[in-house]
A.B. asks: 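Sharing a structure below in structure tokens format, with a few things to ask.
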Number of protein chains: 2
Amino acid sequence: MTVTIYDVAREANVSMATVSRVVNGNPNVKPTTRKKVLATIEQLGYRPNAVARGLASKKTTTIGAIIPDISNIFFSELARGIEDIATMYKYNIILSSSDQNKDKEIELINTMLEKQVDGILFMGGNITEEHIHQFQTSSVPVVLASTYDPTDTIPSVNIDYELAAYEATKTLIEKTNQLPALVGSQADTSVNTLKTNGYLRALKESGMEPNEDYIYKGSYAYSTGIEAMEHFLKLENRPASVFVMYDEIALGVIHGAQDNGLNVPEDIEVFGFDNIRLASMVRPKLTTVVQPTYDIGAVGMRLLTKYMNDEDVEEKNVVLPHRMEFRDSTK
Amino acid sequence: MTVTIYDVAREANVSMATVSRVVNGNPNVKPTTRKKVLATIEQLGYRPNAVARGLASKKTTTIGAIIPDISNIFFSELARGIEDIATMYKYNIILSSSDQNKDKEIELINTMLEKQVDGILFMGGNITEEHIHQFQTSSVPVVLASTYDPTDTIPSVNIDYELAAYEATKTLIEKTNQLPALVGSQADTSVNTLKTNGYLRALKESGMEPNEDYIYKGSYAYSTGIEAMEHFLKLENRPASVFVMYDEIALGVIHGAQDNGLNVPEDIEVFGFDNIRLASMVRPKLTTVVQPTYDIGAVGMRLLTKYMNDEDVEEKNVVLPHRMEFRDSTK
DNA sequence: GTGAAAGCGCTAACAC
DNA sequence: GTGTTAGCGCTTTCAC
């Protein structure tokens, strides 16, 4: 039925070992035999069985990527960064969405380990002790991307979320001289915590007290922005500016304002976070914290290849630079 | 080092076969032995090796998905549909982007076949004879999603792109009584051809002649919309409406118009295609052809499971319904 | 430069 | 119910 390395060996009058050498580009083969083997491979339509190879060699050239949600524009961009570098190094990717559900995350890690992936790239919400235990007892390297491990145990690629949020909030305070609102996700993830902390630090440094009414948290969705704006408009004094933890929600804030007759940035300034492609596809274009999304994936994957190949790693926890991009949603 | 089924068997004083039965939920095991085996599995931290299992059973419970670009919002949504159903049926996914490059597509198909995937879900640009040849000589089932095979040889899940484009164009003609413009991608894909054909058919039926100046094609990107609008504005008579083959480009058209002082829909009406999430995240909200993106992926994956399990398939080429959603970018 | 042979860790008859 | 055994298709020493 299916043609195996044995069939090729027989037809070409060589041993399996020689065919294996040819297939794997081993130089210790006489050019003439190589040619002969290649010819019968072609003729028989032989296709190496990567599963058998994986069993024998204990390498699958496949890595596992666990991602919160592939349909999320931020993560799909990050995934593309992973993929491009993986392709460059000849790895395939088993990709799975976890919805940041801890049990699902743990289950996925185990499934991927069973499938004998050569490494795991993990993007998630919160890194718990159980995660760390899983990772440490894993036989293959693990790298975190856009995911913060408070213990700094696991290699990772991130930006400084706390600092970025601090800077954005600080900017808003300096511009308006008033207390900025905060809109974001209520999910209990370390990135959310870091962003919130940055916001609070900026307030504190300016001698401002946080105001419950000025903090609105919901889902990661656009609709959270709409809802937040409706909430703020019911207040006696609405905020003069708002720092939003995710661009998609920020778009909701802008439209929520516009739909209620406010002008952005004249009546209310909006500062986003991530710089997803949509940020330049709104009017007014969104001022936001630029995070090198694609690069986080790419650098994470590159880091993982280093661990898989036992190369030296200078920096276990990579912090990529971020910056603020001022567009038209702030004055 | 790693604990194998043999270690478990030895520790539990049973044979490998029994351990295998327990692991695979085979009912022919006495409850007491099952309990014993389960206990030593737990104790030893045994994790079944899926690669070995795949070699022995010739099933990997992994499918391959070839997609034009995972960072594209349309395809990432489709991918989520695939994934959810795959998870439901206990399959993992090897996901790769092809950029609709034919050579890369063929190469990916081969890589996935080498990895012994149990089936392939293919999303691409053009289905050529070479593709069909590859698919037919493949040992595993293949399903196309959002990808048109003119010969109807390969099972597929689509909507009727030609009809949908026809309807949208027709609507624009009836509203404005003028020749609508066409903006889209110049990529030579069958979906693009179908959409263009639908546009042309609507013109013909209304006794209108296509006008070169009213057809602008570029990349799939937002910027194509901006460029198209700039092109139209240079014309002596600019179009009263435009049918855009992709929502993301349509957003560009809207903003290209607005950035040049035109109002949508008053000065120019815009009709999109796909109903990506962004369509409701612009102002004015985009009127568009609603395509059940997530469902195309989900139904495609479900269809693939049927082929993989040798179930009966009533409909080899599934055509899902579409509809027009009228929002604020048309009058 | 090439071949022989022993696994890799598991499943799947088949026997008992 | 449970054990024995022969592969699955390949890589990898180790000889020669």
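Chain letters run A, B, ... following the sequence lines, proteins first, then strands; residues in each count from 1. Given the structure is predicted, the values throughout are model-derived calculations rather than measurements.
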A.B. asks: Just verifying a value: how many Å separate Leu304(A) CG and Asp118(A) CG, rounded to the nearest 0.5 Å?
C.D. replies: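 Answer for the CG-CG pair, Leu304(A) versus Asp118(A), is 9.0 Å.
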A.B. asks: Any chance the side chains of Ser97(B) and Glu83(A) put a donor and an acceptor closer than 3.5 Å?
C.D. replies: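 Yes, because at least one side-chain N or O of Ser97(B) sits under 3.5 Å from a partner of the opposite role on Glu83(A).
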A.B. asks: Can you tell me how far P of dC10(D) sits from NZ of Lys115(B), to the nearest Å?
C.D. replies: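 The answer, rounded to whole Å, is 15 Å.
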A.B. asks: Whole angstrom is fine here: how far is it from CD1 in Ile41(A) over to P in dG9(D)?
C.D. replies: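 Checked: the CD1 to P distance equals 16 Å.
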A.B. asks: Could you check which residues of residues 8-32 of chain A get a heavy atom under 4.0 Å from DNA chain C? Sort them by number, please.
C.D. replies: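 Heavy-atom cutoff 4.0 Å gives Asn13(A), Val14(A), Ser15(A), Ala17(A), Thr18(A), Arg21(A), Asn28(A), Val29(A), Lys30(A).
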A.B. asks: Under 4.0 Å between a side-chain N/O of Tyr6(A) and OP1 or OP2 of dT11(D), yes or no?
C.D. replies: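 So the side-chain polar atoms of Tyr6(A) never come under 4.0 Å of the phosphate oxygens OP1 or OP2 of dT11(D).
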A.B. asks: With sequence neighbours excluded, what pairs up with Ser20(A) under the side chain to side chain donor-acceptor pair (under 3.5 Å) test?
C.D. replies: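 Ser20(A) satisfies side chain to side chain donor-acceptor pair (under 3.5 Å) with Asn24(A) only.
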A.B. asks: Within residues 47-62 of chain B, find the residues that approach DNA chain C with a heavy atom at under 4.0 Å, and present them sorted by residue number.
C.D. replies: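 Output list: Pro48(B), Asn49(B), Ala52(B), Arg53(B), Ala56(B), Ser57(B).
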A.B. asks: For Pro155(B), what residues pass the side chain to side chain contact (heavy atoms under 4.5 Å, CB included) criterion, not counting sequence neighbours?
C.D. replies: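 Partners of Pro155(B) under the side chain to side chain contact (heavy atoms under 4.5 Å, CB included) test: Val143(B), Leu303(B), Tyr307(B), Lys316(B).
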A.B. asks: When rounded to the nearest 0.5 angstrom, what is the spacing between OG1 in Thr153(B) and CD1 in Ile132(B)?
C.D. replies: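 Here the rounded value is 4.0 Å.
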A.B. asks: Measure from CG on Leu44(A) to C1' on dG9(D) and round the result to the nearest Å.
C.D. replies: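 Spelled out: CG on Leu44(A) to C1' on dG9(D) is 15 Å.
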A.B. asks: Are Asp99(B) and Arg80(A) within salt-bridge range, i.e. N to O under 4.0 Å?
C.D. replies: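 Here Asp99(B) pairs with Arg80(A) in a salt bridge, since their nearest N and O are under 4.0 Å apart.
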A.B. asks: Quick one: ring-ring contact (aromatic ring centres under 6.0 Å, His included) pairs with a partner in residues 95-126 of chain A, sequence neighbours left out?
C.D. replies: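 Only Phe122(A)-His131(A), Phe122(A)-Phe135(A) qualify under ring-ring contact (aromatic ring centres under 6.0 Å, His included).
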A.B. asks: Does OP1 or OP2 of dG1(C) have a side-chain N or O of Thr33(A) closer than 4.0 Å?
C.D. replies: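 So the side chain of Thr33(A) is outside the cut-off, no N or O lying under 4.0 Å from OP1 or OP2 of dG1(C).
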A.B. asks: Rounded to the nearest Å, what distance is computed from the CG atom of residue Leu113(A) to the P atom of nucleotide dG9(C)?
C.D. replies: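 Result: 15 Å.
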A.B. asks: Who pairs with Tyr89(B) by side chain to side chain donor-acceptor pair (under 3.5 Å), at least two apart in sequence or on another chain?
C.D. replies: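 Per chain and number, Tyr89(B) pairs via side chain to side chain donor-acceptor pair (under 3.5 Å) with Arg302(B).
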